Number of protein chains: 2
Amino acid sequence: MSDDEQYVDGDADLVAGDPMPSARVPLSRDRIVATALAFIDEQGLPGLTMRRLGERLGVEAMSLYRYVPGREDLLDAVVEATVAEMQADDEVVNTPADGWQDYVIRLAHGVRRVALRHPKAFPLVASRPAEAPWLRPPLRSLDWVESFLDALVGEGFDDEAAVGAYRAFTSFLLGHLLLEVATRGADVGPLDVLEPEQEPGADALAEYPTVRRLAGDLSQDHSATEFEEALEDLVNRLALIFNEHQRGHH
Amino acid sequence: MSDDEQYVDGDADLVAGDPMPSARVPLSRDRIVATALAFIDEQGLPGLTMRRLGERLGVEAMSLYRYVPGREDLLDAVVEATVAEMQADDEVVNTPADGWQDYVIRLAHGVRRVALRHPKAFPLVASRPAEAPWLRPPLRSLDWVESFLDALVGEGFDDEAAVGAYRAFTSFLLGHLLLEVATRGADVGPLDVLEPEQEPGADALAEYPTVRRLAGDLSQDHSATEFEEALEDLVNRLALIFNEHQRGHH
DNA sequence: ACCTGAACACCGTTCAAGT
DNA sequence: ACCTGAACACCGTTCAAGT
């Protein structure tokens, strides 16, 4: 181990090959969390170790415990940061200006953009146990739920309809984004370079004629347009929920 | 079935009072995988350790390496076993007898049943990297994909339509089941008993009036009927895909 | 043929001690 | 006030040695 491992990134990204020994920026919880997220994005979750994270921050692992109670809590904080990033997305608004359909669609796109920005970290958002069973990933913060429900109710949704919409929306996002991110996130785990992508060879497909015949279609990527179509469909479904409950009230 | 667990008695710390002096059942890969799955169901993934698994099998951890290359491969095998269990479900058929809608619906129910049987293991099925990007969880085996595509094509689906249906179906299942399983799987992690379910108290909700007002609706569980409705909706969507492509051919 | 003991490298975490 | 060295318990994994 070389001694002076002080990587301190003044601004955001230090990419590869940038060993800048620098003026002692003090540790902070935010810096630790941000670095952890960047680390996961680059190396994948299994690569993130308290000791390696410390190294990256120019510090021994033990120092981290001044700012973070432990590794598990650190991961929770990373999730929180990612979720917050979604809320900060440009396209996302918290008050519908152009109808609830527009609101829902912007939200979906904003969440998707962040998910694709962090393909390796997004599964964490999906699978970390939430604080309450009704905080559903990926919209798993009180802020999110409040603003979502508030928006729909403000647009005329019944209470139950708003809750149903929240459930349908989160299911939709989770399924689509997790799968989309999986195809992207798998590529450059720093170990995968060595293992030549163990994709089932043409020989292994001998017993699977249909798969072999459709191999071309199967490996094409239409995730963007599929997301769009499924989203459109979801909006229609929400409209049904909306109307059903409206009718019930008159 | 794993009722044939063998506990080596002696002063190894056993939790349950079940000191059955064993009739030395030899180790085997299948037994190891089945025990690992049972272990995860009970203790959760983080609790599964090569050493503890060995203990449960009445054997030192090192013995496992005769049958399994390592922990990661063991987890892959657990996923494989779970996916196979879905295929073995009674309600699931591999050749449609009553139209593709019936086929798809049976499939969905079968997968859901297995997911709910293994709430702690299902996230593994969802998030473990697949062998190829087009093997989408939870239908992530060549067998699955082959029989699914085959069935739909046999029912008149266009090649592209069948692939589109596979994508839509997997997204649907993943989103819904992962969220449903999360609400169920969270409860009895053997540690959660001590931590009193850190649910946001009424005080923490002070700044979230809408959430507070809808707390009742939010914590109600309608997952079964929601699954049903969303599934019906998905089938309608697949019918659209079906028809679009049909039309394109004439 | 199947399992174990001992060992290694690495991990999360604690705490008294350094600056 | 902030960081480190040393230590502990536990982990995955290897391998020569036991039966």
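In this text the structure is predicted, and so the values were computed from the model without any measurement.
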query = Could you give the CD-to-C1' distance, from A/E72 to C/dC11, as a whole number of Å?
reply = 13 Å
ask   = For B/L45 and D/dC11, what is the distance between atoms CG and C1' respectively, to the nearest whole Å?
value = 14 Å
inquiry  = I need the CE-C1' distance between A/M62 and D/dC8, as an integer number of Å.
reply    = 12 Å
note = CD (A/E180) and NE2 (A/H176) are apart, to the nearest 0.5 Å, by 9.5 Å
Reported CZ-to-CG distance for the pair A/R184 and A/L177, which is rounded to 0.5 angstrom = 11.0 Å
inquiry  = Rounded to whole Å, how long is the line connecting atom CZ of A/R51 with atom P of D/dC11?
reply    = 16 Å
task = Could you tell me the separation between the OH atom of B/Y65 and the P atom of C/dA7, rounded to a whole number of Å?
result = 19 Å
ask   = Is there a donor-acceptor pair under 3.5 Å between the side chain of B/Q43 and the backbone N or O of B/L48?
value = no
request  = In whole angstrom, give the distance that lies between atom CZ of B/R31 and atom C1' of C/dC2.
outcome  = 13 Å
inquiry  = Using Watson-Crick or G-U wobble geometry with both distances under 3.5 Å, which nucleotide pairs with C/dA1?
reply    = D/dT19
note = Result for 5'-nearest mapping on DNA chain C, choosing between B/E60 and A/A61, is B/E60
ask   = Are any of B/Y67's side-chain N or O atoms less than 4.0 Å away from OP1 or OP2 of C/dA1?
value = no
query = For A/R71, which contact category applies under a 4.0 Å heavy-atom criterion: base, sugar-phosphate, or nothing?
reply = sugar-phosphate
ask   = Looking only at side chains, do B/R136 and A/T183 share a donor and an acceptor under 3.5 Å apart?
value = no
message = Under a 3.5 Å cut-off for both contacts, is C/dC10 paired Watson-Crick or G-U wobble with anything, and if yes, with which nucleotide?
response = none
inquiry  = Using whole Å, what does the distance between atom P of nucleotide D/dT4 and atom CZ of A/R66 come to?
reply    = 11 Å
ask   = Is there a donor in the side chain of B/S223 and an acceptor in the side chain of A/R167, or the other way round, less than 3.5 Å apart?
value = no
query = When we call it a touch if two heavy atoms are under 4.0 Å apart, what does B/S63 touch: a base, just sugar-phosphate, or nothing?
reply = base
key: Residue-phosphate contact under 4.0 Å: A/T49 side-chain N/O, C/dC10 OP1/OP2   = no
message = Rounded to whole Å, please give me the gap between CE in A/M50 and P in D/dC10.
response = 19 Å
inquiry  = Can you tell me if B/R52 touches the phosphate of D/dC11, counting only side-chain N or O atoms and a distance under 4.0 Å to OP1 or OP2?
reply    = yes
